[in-house]
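Notes follow the structure.
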Amino acid sequence: MKDAFGLPQSLLVLGGTSEIALATARRLVARRTRTVWLAGRPSAALEEAAGRLRGLGADVHTIAFDALDPGSHEAVLGKVFAEGDIDMVLLAFGLLGDQARDEREPEAAVRVAQTNYTGAVSASLVCARALQAQGHGSLVVMSSVAGERARRANFIYGSSKAGLDAFAQGLGDALHGTGVHVMVVRPGFVRTRMTAGLPDAPLATTPEAVATAVELGLRRRSETVWVPGALRVVMAALRHLPRGVFRRLPI
Amino acid sequence: MSADTDSDPDVLGPDHTTVTGWGRTAPTAGWLIRPRTYEEAAAAVRECGARGGIPRGLGRAYGDAAQNAGGSVLDMTGLDRVHAIDATGGTVLCDAGVSLHRLMQVLLPLGWFVPVTPGTRYVTVGGAIGADIHGKNHHVSGSFARHVLSFELLTADGEIRTVIPGTPLFDATAGGMGLTGVILTATLRLQPVETSLMSVDTERAADLDDLMARLAATDHRYRYSVAWIDLLARGAATGRAVLTRGDHAPLDALPARLRTDPLAFRTARLPAAPAVVPEGLLSRTTVGLFNELWYRKSPRARIGRLQRISAFFHPLDGVPHWNRVYGRGGFVQYQFVVGHGREDALRRIVRRIAERRCPSFLAVLKRFGESDPGWLSFPLPGWTLALDIPAGLPGLGAFLDELDEEVAAADGRVYLAKDARLRPELLAAMYPRLDDFRALRAELDPHGVFVSDLARRLHL
């Protein structure tokens with residue numbers, strides 16, 4: 001069960017090798033979390049991540065999960081929920097893709113869209129139903145500022161996150177009053193493997209900062225969390241810039 | 001085809017609704033059922049499904065003891081009959097859903113008072129047994145279950161058992177947080193009174209040591225005793241307090257105008273707290289100001305002041321929904337006890353709370369008497385401190401974890417009826433009879449019919 005501060009005792013991470021997710025898991029394990037399920041494609045990295053969390057004192061399980069195979073989600077995730085209550089689901093898988101290549105190769109673009117949107121829709125709905133049956137739990141969805149307004153530089157990724165973000169907001173409204181809390185997290189540029197080699201954007205942040213913001217959001221039962229918080233204001237302004245001006249911005 | 005075979009307008013379906021404790025933290029959703037007969041209660045237990053059920057009274061437990069995510073919550077307030085009063089012998093037989101408020105209304109005119117009352121009258125008899133509540137008279141009278149002559153318990157197998165003191169089932173249920181079954185009725189031994197007024201002595205203590213010395217030296221002279229501490233005072237004033245102690249006023253202590261109706265039960269009721277309260281209303285500044293005023297307005301020493309029962313025992317009951325003043329984020333109440341001889345731990349904890357500047361305006365210290373027989377009953381002979389803190393205070397969770405460590409190291413414990421955040425690992429150290437409780441539950445309720453969010457969180 002979550003405690004008075006919204007902190008979970010059991011955590012299911014979808015995208016078990018995500019650096020943001022693992023930073024969040026580390027932080028939660030230092031608080032109340034004792035059971036962690038890391039779902040992802042079987043790999044040495046997944047096992048290594050599990051080992052490191054075990055070293056912090058958590059009881060960690062790994063489970064094979066493929067965002068691109070929605071047909072399997074019901075069975076795979078159902079097995080996790082059958083083992084006991086999950087207090088928090090952290091949906092953290094996603095592909096950044098390579099914008100230039102993805103524009104040339106529609107199939108690669110579709111893979112980004114299917115992972116980030118279709119896969120997330122399927123996994124969220126499966127988890128939401130299980131959480132609703134439990135009568136409690138938080139579904140924390142990793143969106144992105146990129147979804148707030150599509151930019152020339154990464155509109156394929158951005159549009160997939162825009163879809164996910166809108167979906168998660170609607171799901172949050174649908175689940176209002178069921179005891180289930182949906183929280184959309186919109187980080188800006190996070191320095192991780194995913195963004196390695198890219199130039200730092202203004203207001204760049206770290207996985208640890210995202211983890212801190214998630215913990216605070218759980219305590220406040222927030223519906224939307226921006227990381228860093230200043231992005232809420234920045235994006236509110238950018239969102240309303242005229243197209244012609246926005247297009248020419250060096251972002 | 002007639003429709004009257006498949007629908008009965010008198011049978012209301014259970015409501016799917018979100019439930020929290022009095023602290024308004026950690027809401028979860030379940031099916032709320034309000035049985036109006038013992039048969040309906042038994043049916044609700046039989047049909048509560050895979051996620052079980054838990055009885056709930058008036059929802060004054062601060063944490064998650066009376067909520068059950070995804071399962072059933074049996075609102076027992078529909079079973080609220082007072083069956084029989086023995087006005088000569090001083091006992092009452094009533095349903096578990098009867099509130100202490102109601103009991104006071106019917107019993108006071110007959111010259112009887114409830115044996116133990118907490119800081120609110122709005123708790124049910126079932127809840128009072130389930131949490132084995134204590135009051136300002138614990139050092140004299142022990143906890144609530146000490147005054148229970150017997151109760152009827154609806155257990156997981158659908159049986160109704162009569163349970164008497166001295167049996168394992170009694171001791172598991174007293175303080176057992178509703179997890180052994182649903183209490184349907186109880187017979188209580190009452191306290192005789194001559195009037196409905198209290199004779200109250202008030203004095204101030206300059207600091208914590210002064211306070212503890214006064215309590216230790218003179219508590220035995222009073223049936224009821226409690227101290228309000230200003231936990232925002234620092235330095236030499238750390239632990240400054242106002243002691244309020246007294247007893248039921250005898251008839252001859254009343255002025256002539258009150259002797260015509262000495263047993264009248266009078267209460268005052270102020271407007272309810274508003275539904276929406278601005279965040280941060282209870283800041284260090286506002287609470288500090290309140291505490292300063294409260295301390296200054298209390299007389300240095302005053303003897304024999306007459307006070308209404310409601311004002312002496314239940315000042316907050318005058319403000320309906322006072323829990324809303326903490327805003328949307330709610331609040332946690334932290335109550336712990338450490339035994340006699342562990343005063344060092346109490347001093348350390350008070351100093352830490354004062355240094356941390358927690359905006360708490362309801363910190364209460366009292367001395368407990370002998371332990372109670374309930375396996376999960378809270379009191380043990382020593383010192384108990386209770387305080388309310390807004391749940392949104394940054395770093396509060398980690399800070400209270402540290403206090404838990406101090407409490408456990410001093411062989412003390414925290415109160416489950418108020419808890420919403422204890423680390424389960426510490427529970428066995430705090431409650432040495434936890435294994436007995438678990439074993440009895442496993443035997444009595446092998447399928448886990450009775451379960452609550454508290455039970456899930458702490459692995460009770």
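Note that this is a predicted model, so its numbers are computed, not measured. Within every chain, numbering begins at 1; the chains are lettered A, B, ... in the order of the sequence lines, protein sequences first and strands thereafter.
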Looking at A/E83 and A/K79, is there a salt bridge between them, counting it only when a charged N and a carboxylate O are closer than 4.0 Å?
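A salt bridge is absent here (no side-chain N lies under 4.0 Å from a carboxylate O).
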Hey, are B/D401 and B/R421 close enough for a salt bridge, meaning a charged N less than 4.0 Å from a carboxylate O?
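Yes, charged N to carboxylate O under 4.0 Å.
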Taking everything shown except [X] itself, do over 12 heavy atoms lie less than 6.0 Å from its [atom1]?
X	atom1	result
A/Q169	CD	yes
A/R31	CZ	yes
B/H459	NE2	yes
B/R357	CZ	yes

At their closest point, which heavy atom of [X] faces which heavy atom of [Y], and how far apart are they?
X	Y	answer
A/A123	A/L91	CB-CD1, 4.4 Å
B/G175	B/L376	O-CB, 3.4 Å
A/L203	A/P228	O-CD, 3.5 Å

So for [X], is it side chain, backbone, both, or neither that comes closer than 4.5 Å to the heavy atoms of chain B?
X	answer
A/Q9	side chain
A/D87	neither
A/R219	side chain

Relative to chain A, which segment of B/Q67 carries a heavy atom at a distance below 4.5 Å: side chain, backbone, both, or neither?
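Neither the backbone nor the side chain of B/Q67 comes within 4.5 Å of chain A.
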Contact class of B/L396 relative to chain A, heavy atoms under 4.5 angstrom:
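Backbone plus side chain of B/L396, per the 4.5 Å heavy-atom cut-off to chain A.
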What's the separation between atom CG in A/L131 and atom CZ in A/F81, rounded to the nearest 0.5 Å?
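Between atom CG of A/L131 and atom CZ of A/F81 there are 4.5 Å.
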Can you tell me how far CG of A/L171 sits from CG of A/L164, rounded to the nearest 0.5 angstrom?
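Rounded to the nearest 0.5 Å, the CG-CG separation comes out at 10.0 Å.
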Closest-packed option against chain B by number of heavy-atom pairs under 4.5 Å, given [options]:
options	result
A/E215, A/K2, A/H181	A/K2
A/G179, A/G135, A/G177	A/G135
A/R221, A/H136, A/R220	A/R221

Taking B/G30, B/P394, B/P424 one by one, which has the highest count of heavy-atom pairs under 4.5 Å against chain A?
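Answer, by heavy-atom pair count under 4.5 Å with chain A: B/P394.
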If we define contacts as heavy-atom pairs under 4.5 Å, which of B/G329, B/G330, B/A26, B/G21 has the most with chain A?
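Result: the option with the highest number of such pairs is B/A26.
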Give the interface residues of residues 47-66 of chain B toward chain A, defined by a heavy-atom separation under 4.5 Å.
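The list, in residue order, reads B/R51.
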